[in-house]
Structure formats: C-alpha cells, structure tokens
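Within every chain, numbering begins at 1; the chains are lettered A, B, ... in the order of the sequence lines, protein sequences first and strands thereafter. Note that these values count all heavy atoms, side chains included, but never hydrogens, waters or copies made by symmetry. Treat the numbers as computed from the prediction; the structure is a model and nothing was measured.
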Amino acid sequence: MNQKLTPRSENYSEWYTQVVLRAEMADYAPVRGCMVVRPYGWTLWENIQQALDKRFKATGHQNAAFPLLIPMSFLEKEKQHVEGFSPELAVVTVGGGQTLEEPLVVRPTSETIIGYMYSKWIKSYRDLPVLINQWGNVVRWEMRTKLFLRTLEFYWQEGHTAHATAEEAEAETRQMLDVYYDFAVNEAAVPVIRGVKTEREKFAGAERSYTIEAMMGDKKALQSGTSHNLGQNFAKAFDIQYLDENNELQYAWTTSWGLSTRFVGAIIMTHGDDQGLILPPRLAPIQVVLVPIWKKAAEKEAVLPVARELAARLKETGLRVEVDDTDNRTPGWKFNYWEMKGVPLRVEIGPRDVAKKAVVLARRDVPGREGKIFGVPMEEAPARITQMLDEIQAALLQRATEFRDANIHDVASYEELKEVVGAGGWARGWWAGTSEEEARIKEETGVTIRCIPFEQPEGSGRCLYTGRPAEKVALFAKAY
RNA sequence: CGGGGUGUGGCGCAGUUGGCAGCGCACCGCGUUUGGGACGCGGGGGCCAGCGGUUCGAGUCCGCUCACCCCGACCA
C-alpha cells in the first residue's frame, strides 16, 4: 500500500489492476477469471443499482427474480442465440450425485427462461406490455478475463419486456438506452455515445442492438450498456402469443437491456489518475472524508470533536461521510490512502484550523496543493462542501468529454483510419461496407465498429473503405 | 488454445557455483513522532505451489502436474 502506482502512461493495464486491488474494490477469487467484489466496490455497485433502479421504476418496470439454471434445450430454441452463446456456457451435468437427464446451463443471460415464462403469462393484449427487470448474476466462460471488465461471473441487471406492437418494442428499446445514457452522463459523469450496433456486433438473437460506448483513459472503447430490440425472434422461439383486439393470435414483440458491473470498470478508467481512483460524487461510497490532524493528546481532544461535529452536520444533509480518526497513521499517509480510494472531497482539520474556526478542503480531481482551499470558515463548510461536490461532478464530466472529443477524428479513407487508430484514437467516417468488409478491417487493424452513432452529420458521403455511396458515419475503435 | 511470466512469512520481493532461508512493508512491545506515504530499539511469524528424481546435501539441478498473471485469437 505504500508504493506508487504504475503510471497510466507506462502500462495502463497494470495501472488498472493495481487501482482495483489497492483501492479495495475487488480481489481475485480462487477460481480463474472470477473476482470477489469487496465492500467498497460493492457499495459503488449498490449506488449504481439505486440510480438505475429508480429510473426503471419511474418508467414503469418491476423487479423479479428468475432461476440461475436453465434447461439446455431452451438455449437451443433460438438459432442465433445458441450460436452466440454456446461457446461460453457453463453446463451442469450432475445434481445430487446423479447424472441429469437434461444438462442445465448456468444462465449467460435470461431471454430464454423469461421467454418461456412470458408464454405462460401472456394470453391477451390486455396482458401487455410486460415490463420486468431482474438484478442478478450470470456466467459466461470467457477465455481472457479482467477484474470488472470481463469476469466469468458478473453482476448486472437485465430488463425483459414484451409488447403488442413492433413500434412499442422499438420505443421501449430506445427509451431504456436513453435511461442508460442519462445514468452514465448525469450520475457517473461518464460521457457516452449512443448508437446502433452493426449486424456483426449485435446481440445474438436480436433484430437490432443499441449501445452506449465510452472512451477509457487509454482511448479504448468500452461498451457500457446495451438495449436490444428482439423483434419476434424469441416470441416465435418460445411461443409468446396473445389474442389482439380482433381476437386474432399474434406474436409479441420483446426487448432486453442490460448494464453490468463492467460499468464499475468504466468509472475507474474514465476518471482515475496516477494517484488512484477518482469517483464521481453522486455515486461515491464515501463523498467526503475528514482527516483530523493532531500531534499531542491535547490537540487530539481539541480537533476530533470538531471533526466529528462537522461530519454529523454533513450527514444530516444526506452526504456520505467518514472521519478517519485512526491513530496509527500519519496525515500524509491518510491523504494518499483516500486519494487511492477516489473519495471526491477531503476535509483536513488540524489545531491551526480549529483555532481559526476553519477547515481545509481538498478536491480529489485537482491533485496537490492546487486542489486545496485553505481557511474555509467552519460555519460555511457544509454549504461549500455541497457546492464543491457539484463542481467536482461537473468537472469530471467536462474533462472526460473533452478528452473523448479530442480523440475522435474524422477520416475519409482507409489510410486515414489506420493512421488514427494506429495512434490510439477513434475514427469516424462514412460507412457502407458489409459484415465481411467489417471483419476484414478488424483483421487488418484490430478495430471494430463500435456503433453507428445517433448523432449524424448532414448529408451523405463515400464509404471510407469501399468508396460506395454512404448514408451514415460509423465509429471505429479498439475495444475492451 | 497459442506465446511469455510468476509461484519463497499476511503483502511485495531477493536468494550467487547446490552448503545455517533472507530483506522491505505489515504485525506485536517500548519510546520519540504526526499539516503530503515518520523514526529508533527489541520481537513473533516459513512443509520455499505440489509430486517425483539426481545428490552426502535441493529454494537452487532435472522431469511431470497444478495455479495465477500478462500478451494474442472469442466476448457484456
């Protein structure tokens, strides 16, 4: 704990792993590719959950819980779905010492089992829409794993809805993407780009997949949340049919949408610096840490009650506050520790401050002395702290947005694309290629089309790869 | 699955030609300290990943196995 982090510029991947471990977000589990989410990391996830859950409820969804184990045959009912997921399934073949008649898969996602249940529950247009979300865990047997970003087991929410019309399903799909967007930008201060996935990149079994894509500190893209319009694919596979107003049997239209603990990784890699984590105030497990400073016992007696009283006043305003009154660490050590943990705002209170009835405020997003404000009068402190947390939240978003925009470059040719992505940036250019051509680009450059952004330039152009007339621009980037 | 790396005290590591298993941090005790990762003195803590082999003697050499990490092909 008392060594410097590997700087991001030196080895970004190593920096990331060290931050996760040292900030006590997560640790390696005894099984390859699995992680333990530690209390500090889990609290962040709980705050993410609350922010999302509030939005899900506000848009009419209810939570429910479906089983972890799914009959193998369910996965096989939707052709694209099984093709997409079969390589990464964990399969249970023995239960209670007996070989099972039918293997069970540990859910990699729940479209199938929820589709099965929906077919039981949906009989009439009066039963629609069904708007259900599930918070849970899933397992995907990935070859290469990384804490939070890709683990064999991860935690997420998956929304599953059924609708009477294609239009309604599409509106739901888009609405939930907007919910993710609003959450990412306004709660996590992670600027994301909304767009649609190409055929090649869409969810296995979806008609259309929408995504929010974020740029990490190493300029790689991270798919941070997805919303899928499943059309009638799963309705047909699982026989989700209803009688419409004309007493005619119709297949329902379904959607699914998910956001996972991967988003914790997005927060780390969007905001973190060489001192460690920087957490957005709205989601931070601890928003304000108070570090009392004393030399002698008499000073401790003078300082600590003042610090505790301020903490109590801050808590009354609803802030998440901690007083670091541990006796066996020096103030300097504590400063570094809480910076590693990414606490947005630190309050330092020493004998000199108590004498002046003042405190020192230190912003995590502005390193060193630059980020400190000395002599803030005690009675003004709560208001100033609240205000400063808002400023930090805004500053994080602004900084991340500027970083992102500075690293997206318009390209008109394949040569330009290679140049841009070779330097690590994102390339944006007109696209009218096929899936095969897209695959070739990946082969040759390592980049994929992250999405066709909703925000499009005026007019049309020529495909950067094929020269064909193109209606849309696509975003190309290396991705996690 | 390929390529690379690492397994030695709780953590991070060193260990030369095969010859008493060490260092830093952490921990315990005492004292001095404390506004940007304090210091002194004393102390406790080890089947050297596992199995087998070579040898008078193996952390070290040989073989096998296992695990984890990193880099590539697949993916939220």
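- Of the candidates C74(B), G35(B), A38(B), the closest approach to any side-chain atom of Glu142(A) belongs to C74(B).
- A heavy-atom distance below 4.5 Å is not found between the side chains of Met340(A) and Leu277(A).
- Distance Trp15(A) CH2 to C70(B) C1': 18 Å, rounded to the nearest Å.
- Ranked by how close their nearest RNA chain B nucleotide is to the 5' end, Thr17(A) and Gly84(A) are led by Thr17(A).
- Of the candidate nucleotides U34(B), A76(B), C74(B), U34(B) has the atom lying nearest to any side-chain atom of Pro331(A).
- With distances taken from any side-chain atom of Glu339(A) to the nucleotides G36(B), A76(B), C70(B), the minimum falls on G36(B).
- Within the 4.0 Å cut-off from OP1 or OP2 of U34(B), not a single side-chain nitrogen or oxygen of Arg329(A) is found.
- Under the 3.5 Å distance criterion, with hydrogens and angles disregarded, a donor-acceptor pair is assigned to the side chains of Asp324(A) and Trp338(A).
- Nearest nucleotide to the Met143(A) side chain, out of C70(B), A26(B), A73(B): A73(B).
- The ring of Tyr465(A) has its center closer than 6.0 angstrom to the ring center of Tyr414(A).
- Near RNA chain B, meaning a heavy atom under 4.0 Å away, the residues from residues 285-312 of chain A are Ile293(A), Trp294(A), Lys295(A).
- For G35(B), its base never sits under 3.5 Å from the side chain of Arg369(A) at any donor and acceptor pair.
- Out of U34(B), C71(B), A76(B), the shortest distance to the side chain of Arg144(A) is found at C71(B).
- For the residue pair Gln223(A) / Tyr480(A), no side-chain donor-acceptor distance below 3.5 Å is found, with atom types taken as modelled.
- Between the side chains of Glu339(A) and Gln275(A), no donor-acceptor pair is found at a separation under 3.5 Å.
- Stacking here means ring centres nearer than 5.5 Å and ring planes tilted less than 30 degrees, and by that measure Trp333(A) does not stack onto G36(B).
- Listed in residue order, the members of residues 351-365 of chain A having a heavy atom less than 4.0 Å from RNA chain B are Pro351(A), Arg352(A), Asp353(A), Val360(A).
- Donor-acceptor pairing under 3.5 Å is recorded for the side chains of Gln157(A) and Asn133(A).
- Ser13(A) has a side-chain polar atom (N or O) that falls below the 4.0 Å cut-off from OP1 or OP2 of C71(B).
- Near RNA chain B, meaning a heavy atom under 4.0 Å away, there are no residues from residues 171-196 of chain A.
- Side-chain contact check for Gln18(A) and Glu14(A): at least one donor-acceptor pair (N or O, by modelled atom type) lies under 3.5 Å.
- Side-chain atoms of Glu142(A) and Thr145(A) include no donor-acceptor pair closer than 3.5 Å.
- Ser13(A) and Asn11(A) are not linked by any side-chain donor-acceptor pair at a separation below 3.5 angstrom, with hydrogens and angles left out of the test.
- Mapping Glu88(A) and Lys146(A) onto RNA chain B by nearest heavy atom places Lys146(A) at the nucleotide closer to the 5' end.
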